[in-house]
Participant: 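Pasting a structure here, questions to come.
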Protein chains: 2
Amino acid sequence: MPTIKDVAREAGVSIATVSYVLNNKEAFVSAETRRQVLETIERIGYTPNVTARNLKASQTRLIGYAWHEVPHNQVNSVLDRFTYYLAQAAEAAGYHVLTFTHAQHDPLPAYQELINTQRVDAFVLSGTNADDPRIRFLMDENFPFVCFGRSNPEWNFYWVDTDGEQGVYEAVNYLIGLGHRQIAVAAWPEQSITGNFRLAGYFRALREAGIDISPDYVVRGEHSEQAGREALASWCRLPRREQPTAVVAMSDLVAIGVMNEAETRGLVVGESLSVIGFDDAPMSQYLRPALTTIQQPIVEIGQALIEMLQAVLKKEQPEIPNLLIPTRFIRRASCGFIVR
Amino acid sequence: MPTIKDVAREAGVSIATVSYVLNNKEAFVSAETRRQVLETIERIGYTPNVTARNLKASQTRLIGYAWHEVPHNQVNSVLDRFTYYLAQAAEAAGYHVLTFTHAQHDPLPAYQELINTQRVDAFVLSGTNADDPRIRFLMDENFPFVCFGRSNPEWNFYWVDTDGEQGVYEAVNYLIGLGHRQIAVAAWPEQSITGNFRLAGYFRALREAGIDISPDYVVRGEHSEQAGREALASWCRLPRREQPTAVVAMSDLVAIGVMNEAETRGLVVGESLSVIGFDDAPMSQYLRPALTTIQQPIVEIGQALIEMLQAVLKKEQPEIPNLLIPTRFIRRASCGFIVR
DNA sequence: CTGTTAGCGCTTTCAC
DNA sequence: GTGAAAGCGCTAACAG
């Protein structure tokens, strides 16, 4: 590989001059010299060595992003695809994404290591939760980062998130528009901050529509198919007339559990029971019936995060320290007019 | 961040001595000095700067891996999860994975750029196909890489692949064991090398069982749900008695198309029609009925690739230039004894 | 055993 | 305008 020295020698100039040309220091070099240098660069096929540049500049142009380990009975298609769009947005800004893994319940050493070795300039976090130790840690370390997801509202950090509250609000309104009044929700555990935002949308929609909220209709469980099954099973234990005619789940995976259990119990999803998920997992469009769901705006989130990160790295206060991006409601066949 | 100079000053030794300690050049430094240096390192919290080390060593300890863009009506859960295991294996070997994206039909510039800027030490490719331009390019460039997947058999390069032939062979034998004789296959286009290996397993199983292969039973189509639907539709156009009782698809996505179309046509999957997929996509376990499938050994593939890559980077001939890893057959509810 | 020093490839200050 | 030279943080050859 040719170096700056080779270019200088070939072009009959000093390496400083080559560097000026490379860095568009127009004022420092005559048009003619510049032309000659560029011609030489072209001819010998020179590209600056990024490691050397980075050493000089004390940067890496690398953004660390931790993979989430997904148990085999789960799915996290949203985060998997998000990573693609994140990489794309990062590249547009002249960065690359370095992916790394960590022990499921002990993420900090992996972050610490990347900071200590100065491997990355910043991190992007996803799947944040309340009092997330990673956020606390990075704030303590005063290391640049942005989050896909919220956390402790008292903490002052930069994040972008899906507006789950609004998304579920719209979804429930849609069900109300179909005539449903007995709408249940398969919620996440109380510690799940994301789950709580989504749940708030459920409450708001019912409240605004003047529908009483039955505590029986709010069942909490994990992000699993099993949880969806159990939720529906519990609603089926209610007196016949009190059973919900529609269900909103916190994720497509949970919604699938609801659908599967419904089938087992002789309910027809899309007719005697309407179901809505969250995420728009790739497979959801192919379920029978196809699942109505709430799509997360992962493309926009990736772009917004990188934009915010650039401001953080420039030590500017990003104009907007955080951002809520609307979801997109995906209407499919799993919901129908009330029939019962 | 402290540097090697700070350690040297604090410990009252030269930076060379610190470097010797860091690099375990035991012979070059007395036990006592060593102890003192280590103590200082610990005390001031020093970690070597990886960029500086890399510049010196002309390496990056970064492995480039290109994301595949997945159209929204498709799924590629296998590659998404593979990336996680690849990152894990890379880290165990002291590398990190740098992910990047490229224009769907013009990948080479992205590879070229990473080579020219000396951003990565090597690449891992996946989703390879016949006469893959990326492979040809990297061979021409003489740049280190290994592949998840095969390509032109005349080319001499390092790869690890799923043994799709054996996987489908087992699957078809399983169907034969259930009494099926009319077994169809939803195959991929002829250019798909991966598809052809899998298809070969289908032919071998039938041949060994002495079952005639009907050309009507081999339908080719894309990797899409629609292709699965169309394949089943075409079989349903055969005379009633000639219609297949079992179907093997090249992917879970195609299998889902087959299942969905079957339902539309009043066939009961797992009873009047058996279906087998390929991949074990995360959702497949939750389909109704749950999909019998062939799981790709992505954990082992990731590990094998990194092992191979290490040998390549050491300029050793890897002992085994390529490796076929067996699949795991996942028996679920979508297959049953023949009933027709 | 330990230290001095050159140099990896680049940017930038400073002198001419 | 241009070039010499220092230096980013580290490794390793060489001298002592």
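Chain naming here is simple, since letters A, B, ... match the order of the sequence lines and numbering starts at 1 in each.
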Participant: Report the residue (B/Ile15 or A/Ser30) whose heavy-atom-nearest nucleotide on DNA chain D is the more 5′ of the two.
Facilitator: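 Nearest nucleotide further toward 5': that of A/Ser30.
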
Participant: Could you give the CZ-to-C1' distance, from A/Arg9 to D/dG3, as a whole number of Å?
Facilitator: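 Result: 17 Å.
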
Participant: Just the rounded figure in Å: distance from C1' of C/dC10 to CZ of A/Arg61.
Facilitator: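 Distance, rounded to whole Å: 15 Å.
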
Participant: Taking C-beta and beyond as the side chain, do B/Arg53 and B/Arg61 meet within less than 4.5 Å on heavy atoms?
Facilitator: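 When only atoms from C-beta onward are counted, B/Arg61 and B/Arg53 do not touch, as no gap falls below 4.5 Å.
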
Participant: Measuring to OP1 and OP2 of C/dT11, would you say a side-chain N or O of A/Arg53 lies under 4.0 angstrom away?
Facilitator: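 Answer is yes, contact under 4.0 Å.
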
Participant: Which nucleotide, D/dT2, D/dA12, D/dG9, lies nearest any side-chain atom of A/Phe28?
Facilitator: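 Given the options D/dT2, D/dA12, D/dG9, the side chain of A/Phe28 is closest to D/dT2.
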
Participant: Considering heavy-atom distances to DNA chain C, does A/Ile4 or B/Lys56 have its closest nucleotide positioned more toward the 5' end?
Facilitator: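 With A/Ile4 and B/Lys56 compared, the 5'-side residue is B/Lys56.
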
Participant: Does any non-hydrogen side-chain atom of B/Val18 lie less than 4.5 Å from one of B/Thr40?
Facilitator: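 Side chain of B/Thr40 against side chain of B/Val18, heavy atoms only: no contact under 4.5 Å found.
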
Participant: Which part of the nucleic acid does B/Asn54 contact within heavy-atom distance under 4.0 Å: base, sugar-phosphate only, or nothing?
Facilitator: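 Result for B/Asn54 = nothing.
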
Participant: For B/Ser14 and for A/Leu55, locate the closest nucleotide of DNA chain C by heavy-atom distance; then report the residue assigned to the nucleotide nearer the 5' terminus.
Facilitator: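 Looking at DNA chain C, the more 5' nearest nucleotide goes with B/Ser14.
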
Participant: Can you measure A/Leu22 atom CG to C/dT12 atom C1' for me and round it to whole angstrom units?
Facilitator: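 Result: 13 Å.
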
Participant: Is there a side-chain contact between B/Lys5 and the phosphate of D/dC8, meaning an N or O under 4.0 Å from OP1 or OP2?
Facilitator: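 The answer is yes; a side-chain N or O of B/Lys5 sits under 4.0 Å from OP1 or OP2.
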
Participant: Phosphate oxygens OP1/OP2 of C/dG9: is one of them under 4.0 Å from a side-chain N or O of A/Thr3?
Facilitator: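 No, because none of the side-chain N or O atoms of A/Thr3 sits under 4.0 Å from OP1 or OP2 of C/dG9.
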
Participant: For A/Glu307, is the CD atom crowded, meaning more than 12 foreign heavy atoms sit under 6.0 Å from it?
Facilitator: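 Counting other residues, nucleotides and ligands, CD of A/Glu307 stays at 12 neighbours or fewer.
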
Participant: Between A/Asp161, A/Val160, A/Leu138, A/Ile135, which is the residue that forms a side chain to side chain contact (heavy atoms under 4.5 Å, CB included) with A/Cys147?
Facilitator: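 Output: one option passes, namely A/Ile135.
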
Participant: Does a donor on one side chain and an acceptor on the other come within less than 3.5 Å for A/Asp121 and A/Gln59?
Facilitator: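 There is no such pair (donor and acceptor under 3.5 Å, judged by atom type) between the side chains of A/Asp121 and A/Gln59.
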
Participant: For A/Gln104, does the CD atom have more than 12 heavy-atom neighbours from other residues, nucleotides or ligands under 6.0 Å away?
Facilitator: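 More than 12 within 6.0 Å, yes.
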
Participant: What's the CZ-C1' distance between A/Arg35 and D/dT2, to the nearest Å?
Facilitator: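 The answer, rounded to whole Å, is 17 Å.
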
Participant: Establish, with yes or no, whether the OP1 or OP2 oxygen of D/dT11 is under 4.0 angstrom from a side-chain nitrogen or oxygen of B/Asn23.
Facilitator: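 Checking D/dT11 against B/Asn23, a side-chain N or O does come within under 4.0 Å of OP1 or OP2.
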
Participant: Quick one: is A/Tyr20 getting a side-chain N or O under 4.0 Å of the C/dT13 phosphate, OP1 or OP2?
Facilitator: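 No, no such contact exists.
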
Participant: Which nucleotide, D/dA12, C/dT11, C/dG9, lies nearest any side-chain atom of A/Ser19?
Facilitator: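 Closest of the options to the side chain of A/Ser19: C/dT11.
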
Participant: Can you check the B/Arg119 CZ to C/dC10 P distance for me, whole Å?
Facilitator: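 Atom CZ in B/Arg119 sits about 14 Å away from atom P in C/dC10.
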
Participant: Just the rounded figure in Å: distance from C1' of D/dA13 to NZ of B/Lys25.
Facilitator: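 Rounding to the nearest Å, NZ of B/Lys25 and C1' of D/dA13 are 12 Å apart.
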
Participant: In whole Å, I'd like the distance from the CZ atom of A/Arg34 to the C1' atom of D/dG3.
Facilitator: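 Between C1' of D/dG3 and CZ of A/Arg34: 19 Å.
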
Participant: Does a side-chain N or O of B/Thr33 approach OP1 or OP2 of C/dC1 to a distance below 4.0 Å, or not?
Facilitator: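 Checking B/Thr33 against C/dC1: no side-chain N or O falls below 4.0 Å of OP1 or OP2.
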
Participant: How would you label the contact of A/Ser58 with the nucleic acid (heavy atoms, under 4.0 Å): base, sugar-phosphate, or nothing?
Facilitator: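 Since no nucleic acid heavy atom lies under 4.0 Å of A/Ser58, the category is nothing.
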
Participant: In whole Å, what is the span from the CD atom of B/Glu32 to the P atom of C/dC1?
Facilitator: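 Those two atoms, CD and P, are 12 Å apart.
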
